[in-house]
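After the structure tokens below, expect a handful of questions from me.
What's counted below: heavy atoms across the whole structure, side chains too, no hydrogens, waters or symmetry copies. Numbered from 1 within each chain, the chains take letters A, B, ... in sequence-line order.
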Number of protein chains: 2
Amino acid sequence: MTVTVAAAERLIRIGEVARGAGVSVRAVRYYEQQGLLIAERSPSGQRLYRQDAIPLVRFFQEMFAAGLTSRRIAELLPCWDSGHTDAEQRTMLRAERERIQAKIDDLQAALDHLDEVIAITDTHP
Amino acid sequence: MTVTVAAAERLIRIGEVARGAGVSVRAVRYYEQQGLLIAERSPSGQRLYRQDAIPLVRFFQEMFAAGLTSRRIAELLPCWDSGHTDAEQRTMLRAERERIQAKIDDLQAALDHLDEVIAITDTHP
DNA sequence: CTAAAACCTGACGCTAGCGTCAGAGGCAAG
DNA sequence: CTTGCCTCTGACGCTAGCGTCAGGTTTTAG
């Protein structure tokens, strides 16, 4: 039997989330609109977040940089939260993994190509 | 003294360039509009390309995939063609190199992150 | 109490690399 | 000659992740 202790966590407002994660306030609202981030509301309607919203937003940024869409991230969030996955989610995870790996390979090839150019133009003043 | 032998190269039309490089005809026109690709014109106005337009377009694709804009590519084309660079171009080359390397690192971090999730969800059916 | 700072909800704008449709001309084959 | 494919020039559309302005409320600092 598990007892959950409500830790009376200090809730933070959107500006603090944004500064903490290094994004704009607008971006945080956008993530909510895309279903990535659920916020409580204060009586007056202001968004209230738990502190782990900050690393979560950082995670979103990392995934965006890796080329995942907000839709995909939303679909994969349950795995992240609960550790539970169904077959479809596992398939998506592998697919994204392959996409990213392929992208890395492409970038490496481009980098090598550029390095060749740099080498040539250096010995060729 | 250098004598240039005009090799009477067979010129190709836009469709052949597109198929050869694996892009759309629209894309090739776009590259011209961005100043990446100069084409001769037949008397009737059709674009005529030399055969090395095909690897050139492939190169564009590689650079696009690496995150360079068409503007940047256009600015760096002279280095590629002539092997000659001025200081500004060398700076841009290095900067793009660093950008790509940073992007690779970011992607690798994201990949590692995803792999963790995959590992957890695999041992956690 | 008041002024500044932070927050709210729309809603339009932007970028970049094309896709796509419209309407018209060019070119080899039968 | 005509059929069918290729090409031409505009020009509007699309996507995704926000930026930004407008006009109004709330919270905080002094």
Side-chain angles (χ1 to χ4, degrees), chain A residues 10-49 53-54 56-77 96 99-100 103 106 110, chain B residues 10-49 53-54 56-77 96 99-100 103 106 110:
Chain A
R10 188 175 74 89
L11 295 178
I12 57 183
R13 294 190 302 171
I14 194 170
E16 196 168 339
V17 174
R19 277 192 308 276
V23 303
S24 70
V25 167
R26 175 68 173 90
V28 179
R29 290 204 195 98
Y30 176 73
Y31 301 156
E32 177 173 332
Q33 195 182 343
Q34 301 304 304
L36 297 183
L37 207 50
I38 336 134
E40 288 182 59
R41 294 300 184 121
S42 80
S44 68
Q46 298 204 346
R47 292 172 177 85
L48 296 178
Y49 300 88
I54 293 179
L56 191 54
V57 167
R58 286 220 180 88
F59 172 68
F60 295 157
Q61 289 290 111
E62 190 176 22
M63 290 301 116
F64 283 140
L68 280 84
T69 64
S70 52
R71 180 156 175 64
R72 258 293 178 275
I73 300 176
E75 290 168 341
L76 293 176
L77 261 188
E96 293 301 338
R99 267 193 1 78
I100 297 176
K103 206 165 176 179
D106 286 356
Chain B
R10 187 176 74 90
L11 296 178
I12 58 183
R13 294 189 301 172
I14 195 170
E16 196 169 340
V17 174
R19 277 191 308 274
V23 302
S24 70
V25 167
R26 175 68 173 91
V28 179
R29 291 202 193 100
Y30 176 73
Y31 301 155
E32 177 173 331
Q33 193 182 344
Q34 301 304 305
L36 298 182
L37 206 53
I38 338 134
E40 288 181 60
R41 295 299 183 121
S42 78
S44 66
Q46 300 203 342
R47 291 172 178 84
L48 296 178
Y49 299 88
I54 292 179
L56 191 54
V57 168
R58 287 220 178 88
F59 172 69
F60 295 158
Q61 290 289 110
E62 191 175 21
M63 292 300 117
F64 283 139
L68 280 84
T69 64
S70 52
R71 179 156 177 62
R72 256 298 176 274
I73 300 176
E75 288 168 342
L76 292 176
L77 260 188
E96 293 300 340
R99 267 194 359 79
I100 296 175
K103 205 164 177 180
D106 286 356

A:Gln34 vs D:dT15: side-chain N/O to OP1/OP2 distance below 4.0 Å: no

Pair B:Glu32 + B:Arg41, salt bridge at N-O below 4.0 Å: yes

Atom pair distance, as rounded to whole Å: CD in A:Glu16 and P in D:dT27: 16 Å

Atom pair distance, as rounded to whole Å: CD in A:Glu32 and P in C:dG10: 12 Å

Short side-chain N/O contact from A:Ser24 to OP1 or OP2 of D:dG19, under 4.0 Å: yes

Close side-chain approach of B:Tyr30 to B:Ser24, heavy-atom, < 4.5 Å: no

C:dG17 OP1/OP2 closer than 4.0 Å to side-chain N/O of B:Tyr30: yes

Presence of donor-acceptor pair under 3.5 Å, side chain of A:Arg13 and base of D:dT27: no

D:dG17 OP1/OP2 closer than 4.0 Å to side-chain N/O of A:Ser70: yes

A:Arg47 vs C:dC8: side-chain N/O to OP1/OP2 distance below 4.0 Å: yes

B:Arg19 with B:Glu16: basic N within carboxylate O range, under 4.0 Å: no

Any A:Tyr31 side-chain nitrogen or oxygen under 4.0 Å from OP1 or OP2 of D:dC18: yes

Residue-phosphate contact under 4.0 Å: A:Ser44 side-chain N/O, C:dC7 OP1/OP2: no

Spacing of A:Ile12 atom CD1 relative to D:dT28 atom P, expressed in whole Å: 14 Å

Sugar-phosphate, base or nothing in reach of B:Leu36, heavy atoms under 4.0 Å: nothing

Phosphate OP1/OP2 of D:dG19 contacted by A:Arg29 side-chain N/O (<4.0 Å): no

From OG1 (A:Thr69) to CE (A:Met63), nearest 0.5 Å: 12.5 Å

Rounded distance in Å - CZ (A:Arg26) to P (D:dA22): 16 Å

Residue mapping more 5' on DNA chain C - nearest nucleotide basis, B:Gln46 or B:Phe64: B:Phe64

B:Glu96 and B:Arg72: CA distance, side-chain angles, deciding distance, salt bridge (charged side-chain N to carboxylate O under 4.0 Å, His left out) verdict: CA-CA 9 Å; B:Glu96 293 300 340; B:Arg72 256 298 176 274; 2.9 Å; yes

